[in-house]
Amino acid sequence: MNSGANSLYPLLRPDTVAVIGAAREPHKIGHQVVRNLIEGGFPKERIFPINPYAEHILGLKCYPSILDVPTKVDLSVIVVPARIVPKVLEECGKKGVKAVAIISSGFKEVGNVELEEKIVRIAKKYNMRLLGPNIVGVCDTIKSVNASFCQSLPLRGNIAFITQSGALGIALVGWTKMHNIGLSDLVSLGNMADVDQSDLIEFFGDDPETKVITLYIEGVKDGRKFFETCKRVTVKKPILAIKAGKAERTVRAIKSHTGSLAGSDSAYNAVFKQSGVIRVPTFPDLFDWAVALSISPKPLNNNIVILTNGGGAGVMATDAAEEYGISLLEMPKDLADRIRKYMPPFGSVLNPIDLTGMAGREWYRESLKELLRDSRVGGVIVLYCHTAITTPREIADAIIEAVRTVGYCKPVVVSLIGGEEVIDECERLISNKIPCYDSPEKAMAAMGAIIKYYSDREKILSRKYPRLNVDYEKAKGIIEKALKRGHKILSPREAAEIVEAYGIPVVSKKLAKSKEEAIRFAEEIGYPLVMEVDSPHILHKTDVGGIIVGVNSREEVGKAYDDIIRNVSEKAPEAHINGIIVRKMAEKGREVILGMHRDPIFGPVIMFGSGGILVELLKDVSFRVVPLSVEDAHEIIEETKAYKMLKGYRGEKEADIDCVIDAVLRLLKVVEDFSEIEDVDINPFFVYDKGKGGIAVDVKIILS
Ligand code: ACO
């Protein structure tokens, strides 16, 4: 199958469309698709209804088979029962059709995997792209193609909407129309037997008619392809996504801390962050933000100024700014002095700038012009509470005039707050490419999306990937030996040796096979000591009394040896004991956890967070998918509360954060090099004061 983005052109921008299963009765879907094509404005002479039992449908000539159509066909919409689909698909292939959209249900979604595989084979054989099956269809407002059973074409616009839910797609056509939002395309994905989200993102990424790509996602099939495609496309244009289904996987037996904390939603979150996709909570936000991004220029910097005629609206916008992490400009004196001219003495030139309820057209226009001209202002939020002394029209005019006079050099996002009187002016502002909303929070949220998009984009463009020296052969030898023995859980010693070979410092350990040997090692290493069981069958040693800390003398070593053997024999009688590990008790540092879990969709997910025995209770963790850049390694740490602790909480000195970043990147290299590794937990990793490094105390590695 030709899988390049160009291969989707006949599907999304067709010149000729056939409808196979163009039914005669108006209530049937096949009939409605033909009607939609005609009513959507697609040229009638380029629509070809196919039905062996009909002569004409809706005034168009009907053909018994696609093979009878006299001209080339770009897109065939298939609306016959599932069992007939392979036959008509073969005919499409023979005719040289380049793309098919299969509305019919009755495939994989109902367990009919074989039939779905059959249609994929046919499409592949003829090099046809296949959208669906089990879809609503596809709407392209650019060429007026309503090849769907949506009630009508969406309004023309420049936002592409890709949906994994057909019903939601249909419903949103009406919703977007009600809110005057235009789309370039609406594509229903269905079972994604061939065309998936990534293919469409790639196409819309290059499509000059599309400015913003929006998605409703339930799940992606090929996580790596999705991640790589999004990374490539977000540097060209924004991608906004709603991801439904936050519930974590529950069926898998979970052995490591990282595995139990790394649900699939964490992996999606990580992928969105690393690829610059903006995750959106609700449908109204999805389109509010998409509109803002589709018409606004880039912010000059991240410092925003709020201009208002009402103190309350300003406070609400300020709160929202904090929620979205938007910084408000500390007003420079010279700028404040210039703006003071456009307000009464009791106005305020702090940010929010309060022009007061007396503000009319001139004050709004002139102060906005000052803000637009000043390069220290990254963008402006203009708020207007409707009053009796002016009209929304005058204020909208003032904003448009200021932008026209100075130039649209930074985002200006407006909120007109009032009743029906403001609706028309809000729409007029939007049609003048100035986003406008009915509340200060919505305006600030949209500004937040604009700032986030451009700053994420810059981060993606400037990412650096680390180069590290590691002892690959040593780690490989340990893993191969364990696999030969058939052991999935590496012993603590093996696990420690692997991460040590990759440059992560680990507390050194000796394995004693007898009490006497334990005492001899203890005397060599020196006190205080930790003694712990070495068994491939025990992952959480504390749970079975397999670890004793603070061992201080020969006598205590002997006693600890006996106690551990007895505890483990009682609590885990089936576990094989290799011996007892004797190790120096590391000086306590600040406890963090580093881990990796292999996600079935996205591959290795790296975790960092607060460590120790309370990790699962605290859930103070953050995730990134592989590969991580140096910047990602910084961010995964900075997102957690553990970071505040490492920075020095309540008078504590700053910890050696660089050594944690280095350990994260080295762990990343371990899991990149060994696909056999399923899970890793390094917990606790003790971090000492700045310049003094850190050390892994306990390492667990599970092989797949
Ligand atoms: N070539 C062309 N047309 C043919 C052929 C053929 N080889 N054989 C039969 N036809 C004609 C039929 O004669 C019929 O036309 P007619 O009514 O004029 O006689 C027409 O094709 C349709 O066939 P029907 O057997 O009448 O099938 P029907 O229209 O009842 O259903 C459909 C077909 C809509 C594809 C159905 O099988 C189906 O899958 N429905 C579900 C669609 C759906 O919901 N998709 C997912 C959307 S996503 C969401 O959740 C909303």
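Counting starts at 1 for both ligands and their atoms, in listed order. None of these values were measured; they are calculated from a predicted model.
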Results of ring-ring contact (aromatic ring centres under 6.0 Å, His included) for F204 - residues two or more places apart only: none
Residues in salt bridge (charged side-chain N to carboxylate O under 4.0 Å, His left out) contact with D74, at least two apart in sequence or another chain: K72
Salt-bridge criterion met for E90 and K125 (N-O under 4.0 Å): yes
Greater than 12 external heavy atoms within 6.0 Å of K225's NZ: yes
Atom pair NE2 (H179) and CG (L172), whose distance is rounded to the nearest 0.5 Å: 10.5 Å
Pairs meeting criterion side-chain hydrogen bond (donor to acceptor under 3.5 Å, both in side chains) with involvement of residues 41-59, two or more places apart: none
Under 4.0 Å from ligand 1, counting heavy atoms only: the protein residues, by chain and number: I20, G21, A23, R24, K28, I29, I50, N51, P52, Y53, V79, V80, P81, I84, K87, V88, I103, S104, S105, N134, I135, V136, F149, G166, A167
